[in-house]
Amino acid sequence: MAVSKLETKIKNNEFVITAEIFPPKGVDLSVMFSKVDIIKPYVDAVNVTDCQRAVMRISSLAVSKLLIDKGVEPVYQLTCRDRNRLALQSDILGAYALGVRNILIISGDYPTAGDHPDAKPVYDLDTIQLIKTIKDMEQGADIAGKALKGSPSFFLGAAINPSSTPSELAVLTLEKKIKAGAQFFQSQPIFHIQTYLDFKKSVLFLDSKIIVGVFLLKSYKFAEYISQIPGITIPEDILKRLKSSKDELKEGIKIAGELVKELKKHAPGVHIMAIGTEQYIPDILSV
Amino acid sequence: MIITEKKQLEDIEKYLVKSKPLFIVGCAACATKCRTGGEKEVSELNDTLKKRGYDVAGFAVIDTPCDSRIVSRDIISKIKDINSMQLLVCACGSGAQTIHEVTDVNVVSALNTVFIGSTERIGKIKEFCQACGECRLNDNEGYCAATRCPKGMQNAPCGGVVDGKCEVNPKNDCIWYRIYKKKKSLGGYKAIKGFAKSKRIINNK
């Protein structure tokens, strides 16, 4: 396969929808696959996380390949946290050989956040260096300057957090990632369309394609819990809306659905995060 | 300065024997400043171990244990009957290992070496340098992004910076926030936009 569906749609300015799955801690993938089956009809690609929250889970590369076998297009997430430049380049070549075309480079949650807090944090390459590394490999050489026997070609993505402050730092990060070769972005979740519009305004000088994160807040308690996660900022009025509603789940679906509707007018796509609530994705999309 | 911390006494005693006389060696440099291996600490250790039944033959703070010539001159050749003794070292890992290099007697470390640090005040010491051999302080307005960013981000912050604070250690400023503030104040926004190549790892020599 030459070019991914995600890349084709984005380049044609067609609105895209992505979602994510978390590989399990073990080799029993049945529950994971049942979630994939639920979301498959509604999304263009599915992100496969790489030991997110620094919790050891089955390899995102292996699961990406298994998704391809099931006819689902993955976005292979790869962090800088666990692998040195040898392993990173090696896995990247392997990913291409296995049919992976969408790759998302992220720094990765620090080991102290997870269940193996004494794990050695590698960070041999940072995100911008790794993005550049992939671009170099696409041109036919590894970063030691040695020629490759066959070069990979990816739709190369990186992450961006529009709620990161001061915002000048987020703009700097975006600019450097684009300069290094990032072709698309997926963002941390936002909860108001204005957050995206303000951010978009500040980066108008950059040609950036940001697939915007939208979170399904299934309850007020859940919202409180996930607001502890680095990179996720939930505004007070959203929390109030949930708390004061009669049916918190229904309200959460409404909040997400309204945001998706707005984003359809302004953004190239949405990335729906419905952890443990994948069955409500169709409801979000039909608000 | 190389920052050291005292090991727990139980962890040290596992390696000592009561049957051999004991000589305590301290360090006049970093360990003295850290209050882990100076005259006062070595003298206190002498008192403590004597009370616990060890035959402490003596103690000395030398300048410095991380130099094999100094160790040979000031400890090995100075102490009578050294070959019948055991040595307890209040110095960093470099000092302790240097002593191991120049004698065959049992050498026990009393300290844990933590990092190369900067002291703000007593009890507030931070890791500032990781001795990478490829210093980029001049490019980064005097902030080491490798050491003071937990993820060692060389080009830009990670997405976790909120209100300028680090996502891993929220009490700390994001070091890129500091670099950016300084660059902004020196009118050097352009300077922050270069591409920082990955570092060599000099341990691999």
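Atom set for the values below is all heavy atoms of this structure, side chains included, hydrogens, waters and symmetry mates excluded. All chains are named by letter (A, B, ...) in the order of the sequence lines, taking the proteins before the strands, and each is independently numbered beginning at 1.
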Heavy-atom cut-off 4.5 Å, strictly under: side chain, backbone, both or neither for [X] against chain B?
X: Lys177(A); result: neither
X: Thr173(A); result: both
X: Leu125(A); result: side chain

Under a 4.5 Å cutoff for heavy-atom pairs, which residue among [options] has the most contacts with chain A?
options: Lys151(B), Lys165(B), Lys197(B); value: Lys151(B)
options: Gly159(B), Cys158(B), Gly152(B); value: Gly159(B)
options: Ala156(B), Gly160(B), Pro170(B); value: Ala156(B)
options: Pro157(B), Cys174(B), Ala196(B); value: Pro157(B)

Task: Audit row: Asp124(A), Lys199(B), side chain to side chain contact (heavy atoms under 4.5 Å, CB included) steps and yes/no - done: CA-CA 8 Å; Asp124(A) 189 20; Lys199(B) 290 195 174 190; over 6 Å; no
Would you say that more than 12 heavy atoms from the other residues, nucleotides or ligands in this model lie under 6.0 Å from the [atom1] of [X], or not?
X: Lys40(B); atom1: NZ; value: no
X: Phe205(A); atom1: CZ; value: yes
X: Asp104(B); atom1: CG; value: no
X: Ile122(B); atom1: CD1; value: no
X: Gln130(B); atom1: CD; value: yes

TODO: Without swapping roles, check the side chain of Asp126(A) against the backbone of Gln154(B) for a donor-acceptor pair under 3.5 Å.
DONE: yes
Within this structure, what is the [atom1]-[atom2] distance for the pair [X] and [Y], rounded to the nearest 0.5 Å?
X: Leu130(A); Y: Ser198(B); atom1: CG; atom2: OG; value: 10.5 Å
X: Asn155(B); Y: Leu172(A); atom1: CG; atom2: CG; value: 9.0 Å
X: Glu167(B); Y: Ser164(A); atom1: CD; atom2: OG; value: 9.5 Å

Task: Atom of Tyr180(B), atom of Leu169(A) and distance for their closest heavy-atom approach - done: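 That closest heavy-atom pairing would be CB-CD2, 3.7 Å.
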Task: Shortest non-hydrogen contact between Tyr110(A) and Pro150(B), atoms and distance - done: CE1-O, 3.2 Å
- [ ] With Phe195(B) as reference, evaluate Gln129(A), Lys176(A), Lys179(A) under the side chain to side chain contact (heavy atoms under 4.5 Å, CB included) test and give the passing residue.
- [x]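 Option passing the side chain to side chain contact (heavy atoms under 4.5 Å, CB included) with Phe195(B): Gln129(A).
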Task: Min side-chain heavy-atom separation Thr165(A)-Val161(B) under 4.5 Å - done: no
